[in-house]
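Accompanying notes for the structure given below.
We use all heavy atoms of the structure for the numbers below, so side chains are in, but hydrogens, waters and symmetry mates are not.
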Amino acid sequence: MYHQVAADSIDPWELSVSKNNFEQHLTAVQQLVIPISELIHQLQNKHIERDAVCITFDDGYLDNYLNAFPILKKYQCP
């Protein structure tokens, strides 16, 4: 779960991750990422793939679209 993908100099709750770190995260997990719809399907069938990962954003910050979305597209992560 992410909040912001930005290089904020003021981040009192330490909830931001830089674009570079976000991209590093995706390179590490890209083969494990599944869409939330697939997770729901697996939950309904009471069988969740081992090591499955869903990427979510807790808030609707503009940087989620401007910074995270292009990286998600680059690595074809839903």
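I55 has its side chain within reach of L26: a pair of non-hydrogen atoms, C-beta onward, lies under 4.5 Å apart. Residues D59 and Q4 fail the side-chain proximity criterion, which asks for heavy atoms closer than 4.5 Å.
Atom CD1 of I48 sits about 11.0 Å away from atom CD1 of I40, to the nearest 0.5 Å. Here CG of N64 is found 10.0 Å from OG1 of T56. Values are rounded to the nearest 0.5 Å. To the nearest 0.5 Å, atom CG of residue L72 and atom NZ of residue K74 are 12.0 Å apart. Atom-to-atom distance recorded for L39:CG and Q44:CD is 10.0 Å, nearest 0.5 angstrom. Atom CD1 of I71 is separated from atom NE2 of H25 by 11.0 Å, given to the nearest 0.5 angstrom. Note that the CD atom of E23 and the CD atom of Q30 stand 10.0 Å from one another [nearest 0.5 Å].
Criterion: ILVMFWY side-chain heavy atoms under 4.5 Å apart, direct or through other members. Under it, F69 and L62 are part of a common hydrophobic cluster. Connection of I34 to L43 is established within a shared hydrophobic cluster, with ILVMFWY side chains joined at heavy-atom distances below 4.5 Å, either directly or through further cluster members. V29 and V17 fall within a single hydrophobic cluster, where Ile, Leu, Val, Met, Phe, Trp and Tyr are joined by side-chain heavy atoms under 4.5 Å apart, directly or via other members. Hydrophobic clustering (ILVMFWY, side-chain heavy atoms < 4.5 Å, transitive): Y75 and V33 are in one cluster.
When all heavy atoms of A6 and S16 are compared, the closest pair comes out as O-CB, 3.8 Å. Across every non-hydrogen atom of E49 and Q42, the tightest pair is N-OE1, 2.8 Å. Contact detail for C54 and P35: the closest heavy-atom pair is SG-O, 4.0 Å. Here the shortest heavy-atom pairing between D63 and V5 reads OD1-N, 2.8 Å. Residues Y61 and H3 approach most closely at CD1-O, 3.3 Å, considering heavy atoms.
Counted within 6.0 Å of CZ on F22, heavy atoms from surrounding residues, nucleotides or ligands total more than 12; the atom is thus considered enclosed.
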